[in-house]
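Please read these numbers as outputs of a predicted model, since none were measured by experiment.
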Amino acid sequence: MKKRILLLAALLWSGLHLISCNSYNSSNNKGPTLHTRVLASQGVSSATLFGDLVFIDGANDTLARISPVSAGSSPGLMAISPTRNTLLAFDAATNSNTVFAVNTVTEAGISNVRLPGPTTSMVVPTAALVGYAAVPSATVNGYSFVGGVEDMNLSNGAITTTIALTNAKTVISDGTGARLLVFNDSDSVAVVSPIVAAPPVDTSCLSGTPNSVCTIVNGFDKPVYGIVSGSTAYIFNCGPECNGTQAGVAVLDLNSLTITNTIPLDAATWGFLNGSTLYVAGTSPTVNDCSGQTTAATTCGRLSIVDLGSQTLTSSIAITDGTHDRMDMSVNGQLFIGSYNCTNIGNVNNPSGEVRGCLTIYNTNTASVIIPPDNGDVTGLQSFTSRDVEYVAENGVLRVYDTTKDIVLVNDFVPQGEINIVGYVGDIKAIDFF
């Protein structure tokens, strides 16, 4: 009898322990017990299903026992704050154009912000509930401009200020959130201080005269993106790929707002900074050969490696083509480079001969290029600090790559190398680092 009682007590304790480790008690509002959380945006088209932000257990690549967060019907692009307490997801469904804000601590929605048009660029600069979205088609009744940056109050789901800038396409932030850099297909960059913008509309960027809100910095060549490091911004001149003249990296001093140097490159639309090495990807309309690769593709992109100490180009390497807008490095030095609208060869679902898509892996340890046998646009990349894996949202599927072999990971949890998420996976963000 005593043995039975002890056994029942042990089973009861074990069951309670499992519940506490795999569930989130929203009533105590202390946050989740699972500390290996990753969020994937799941867009669906069925009339009986809704788009969600799905939680994944990043420790073993399985769907977590956490209720998903609703985010419209076609959530795709996501942005997360540096402290990873706030996440934004954009629902690109027709007539939606809504940004969903999520508290990642409580795993619940905060608010929804309806934008005046679609966005492909959002940023949450700090832990504060403030976000920014570049909307190329933004308009406000009573004003004649088209395009702007929407200053979003995420606590109540309202647009605080529309900072007017014609055709504003991309927005990034400095490390403090005090300044934004906005790109709009011109030969200039708008440096904006949104904290002093006056609601509901600010037209400072349209005047062309430096002021407390906006300074237009000229001297670029179709800049499209940049990386801020301290008081320096490395601005990517798209050049010929965007109907300009010369691609490259312009070094912008954020204190004086002057360009101190420009490093010519073959192409430049996206990049990744690792210490004093800057990796820059793009597809040049003139320097687009596939030298060094055996492939049926007739056009390739370029990966440029820049030493920021000497501010010189050290290497230019052929990679997959397309418009490059994703880059991430695994903990063991595998640089994942993604694009969209690339040259797809073969069929990953029925492989015969060469299979090629929009993903390139560059091994920074051996300087070798790997083109995985995949197809489709790459819309999300996520590495981890304690695992040799990379999550790749590609062609609507979430693949798990073993970065020790640069192939998809196959085990009992991911027998096909993919995490089984219903719908189209548009983006992926780690909430916890592990």
Exercise for review: For Arg179 and Ser193, work out which heavy atoms get closest and say how close.
Suggested key: CG-OG, 3.9 Å
**Study point:** Note, Thr314 side chain near Val306 side chain (heavy atom, < 4.5 Å)
**Key:** no
Check your understanding: Quick one: are the ring centres of Tyr401 and Tyr391 less than 6.0 Å apart?
Key -> no
**Study point:** Value rounded to 0.5 Å, distance of CG in Asp61 from CZ in Arg387
**Key:** 4.0 Å
Check your understanding: CD1/Ile407 to CD1/Ile361 distance, rounded to the nearest 0.5 angstrom?
Key -> 10.0 Å
Point to revise | Residue pair Asp266 / Ser316, side-chain donor-acceptor N/O under 3.5 Å | key: yes
Review point. Is Asn420 atom CG crowded by more than 12 heavy atoms from other residues, nucleotides or ligands, each under 6.0 Å away?
Key: no
Exercise for review: For the pair Asn344 (side chain) and Gly376 (backbone), establish whether a donor and an acceptor sit closer than 3.5 Å, ignoring hydrogens and angles.
Suggested key: yes
Practice item. Report yes or no: do Asn288 and Ser284 form a side-chain donor-acceptor pair below 3.5 Å? Key: no
Check your understanding: Does Asn363 use its side chain to pair, donor to acceptor, with the backbone of Asn365 at less than 3.5 Å?
Key -> yes
Exercise for review: Give the minimum heavy-atom separation between Thr106 and Asn103, together with the two atoms involved.
Suggested key: N-OD1, 3.1 Å
Review point. For Leu181, which of Ile235, Ile227, Val171 qualifies under side-chain contact (heavy atoms from CB on, under 4.5 Å)?
Key: Ile235
Exercise for review: Kindly compute the distance separating OH (Tyr340) from CG (Asp377), expressed to the nearest 0.5 Å.
Suggested key: 9.0 Å
Review point. In this structure, which one of Ile56, Ile431, Ile419, Asp57 forms a side-chain contact (heavy atoms from CB on, under 4.5 Å) with Val38?
Key: Ile56
Review point. What closest approach, in Å, do Ala297 and Thr343 show between heavy atoms, and which atom pair accounts for it?
Key: CB-CG2, 4.4 Å
Check your understanding: Nearest 0.5 Å, what's the CG-OG1 distance between Asn97 and Thr119?
Key -> 9.0 Å
Exercise for review: For Thr86 and Leu154, run side chain to side chain contact (heavy atoms under 4.5 Å, CB included): C-alpha distance rounded to whole Å, both residues' side-chain angles, the deciding distance at 0.1 Å, then the answer.
Suggested key: CA-CA 9 Å; Thr86 304; Leu154 304 178; 3.9 Å; yes
Review point. Can a salt bridge be assigned to the pair Lys169 and Asp185 using a cut-off of 4.0 Å between side-chain N and carboxylate O?
Key: yes
**Study point:** Residue among Val280, Val369, Leu265, Ile319 satisfying side-chain contact (heavy atoms from CB on, under 4.5 Å) with Leu303
**Key:** Ile319
Review point. Charged N to carboxylate O under 4.0 angstrom, Glu390 versus Arg399?
Key: no
Practice item. Would you give the length of the straight line joining atom OG1 of Thr312 to atom CD1 of Ile305, rounded to the nearest 0.5 angstrom? Key: 11.5 Å
Check your understanding: When you measure from the side chain of Asp187 to the backbone N and O of Lys222, does any donor-acceptor pair fall under 3.5 Å?
Key -> yes
Point to revise | Side-chain heavy-atom pair Phe145, Thr139 within 4.5 angstrom cut-off | key: no
Study note, to complete from the structure: Taking every heavy atom of Ala138 against every heavy atom of Gly148, the minimum-distance pair comes out as CB-N, 3.8 Å
Exercise for review: Report the C-alpha distance between Ile259 and Val251 in whole Å, list the side-chain angles of each, state the deciding distance to 0.1 Å, and finish with yes or no for side chain to side chain contact (heavy atoms under 4.5 Å, CB included).
Suggested key: CA-CA 6 Å; Ile259 300 172; Val251 183; 5.8 Å; no
Review point. Do Met329 and Thr403 come within less than 4.5 Å of each other through their side chains, counting heavy atoms only?
Key: no
Review point. Under 4.0 Å between a Lys/Arg side-chain N and an Asp/Glu carboxylate O for Asp321 and Arg356?
Key: no
**Study point:** Trace of the side-chain hydrogen bond (donor to acceptor under 3.5 Å, both in side chains) decision for Glu150 with Thr162
**Key:** CA-CA 5 Å; Glu150 304 297 349; Thr162 295; 2.6 Å; yes
Check your understanding: What closest approach, in Å, do Thr126 and Ser81 show between heavy atoms, and which atom pair accounts for it?
Key -> O-CB, 3.5 Å
Exercise for review: With the side chain counted from C-beta on, respond yes when Asp406 and Gln334 share a heavy-atom pair under 4.5 Å apart, and no when they do not.
Suggested key: yes
Exercise for review: Tell me, with the steps shown, if Thr160 and Asn153 meet side-chain hydrogen bond (donor to acceptor under 3.5 Å, both in side chains).
Suggested key: CA-CA 6 Å; Thr160 302; Asn153 184 331; 4.5 Å; no
Point to revise | Pair Asp427-Ser41, side-chain hydrogen bond (donor to acceptor under 3.5 Å, both in side chains): steps then yes or no | key: CA-CA 5 Å; Asp427 206 352; Ser41 55; 5.7 Å; no
Review point. If you measure from CD on Gln382 to CD1 on Ile80, what distance do you get to the nearest 0.5 Å?
Key: 8.0 Å
Check your understanding: Heavy-atom distance under 4.5 Å between the side chains of Thr404 and Asn332, does that happen here?
Key -> yes
Point to revise | Sidechain-backbone polar pair: Asp174 side chain, Ala178 backbone, donor-acceptor under 3.5 Å | key: yes
Review point. Side chains of Glu354 and Thr295: does their closest heavy-atom pair fall under 4.5 Å?
Key: yes
Practice item. Carefully, step by step, assess Ser383 and Leu381 under the rule side chain to side chain contact (heavy atoms under 4.5 Å, CB included). Key: CA-CA 7 Å; Ser383 59; Leu381 295 169; over 6 Å; no
Exercise for review: Mind running side chain to side chain contact (heavy atoms under 4.5 Å, CB included) on Val213 and Val192 for me, showing each step along the way?
Suggested key: CA-CA 6 Å; Val213 174; Val192 177; 4.3 Å; yes
Point to revise | Side-chain H-bond candidate by donor/acceptor type, Thr277 with Asn274, under 3.5 Å | key: no
Point to revise | Residue pair Thr269 / Glu241, side-chain donor-acceptor N/O under 3.5 Å | key: no
Review point. Taking everything shown except Asp412 itself, do over 12 heavy atoms lie less than 6.0 Å from its CG?
Key: no
Practice item. Would you check, one step at a time, whether the test side-chain hydrogen bond (donor to acceptor under 3.5 Å, both in side chains) holds for Thr360 with Thr320? Key: CA-CA 6 Å; Thr360 301; Thr320 52; 2.8 Å; yes
**Study point:** Backbone of Ala134 reached by a side-chain donor or acceptor of Ser121 within 3.5 Å
**Key:** no
Exercise for review: State, yes or no, whether a side-chain contact exists between Arg326 and Asp328 at a heavy-atom distance under 4.5 Å.
Suggested key: no
Check your understanding: Any side-chain donor-acceptor pair under 3.5 Å between Thr98 and Asn112?
Key -> no
Review point. With no hydrogens and no angle check, do the side chains of Gln246 and Asp221 hold a donor and an acceptor under 3.5 Å apart?
Key: no
Review point. Within a strict 4.5 Å, meaning less than it, do heavy atoms of the Leu53 and Leu87 side chains meet?
Key: yes
Exercise for review: Specify the closest pair of heavy atoms between Gly51 and Pro75, including all atoms of both residues, with the distance to one decimal.
Suggested key: CA-CD, 3.8 Å
Point to revise | Backbone N/O of Val249 and side chain of Asn237: donor-acceptor pair under 3.5 Å | key: no
Practice item. Look at Arg84 together with Asp432 and state whether they make a salt bridge at an N to O cut-off of under 4.0 Å. Key: no
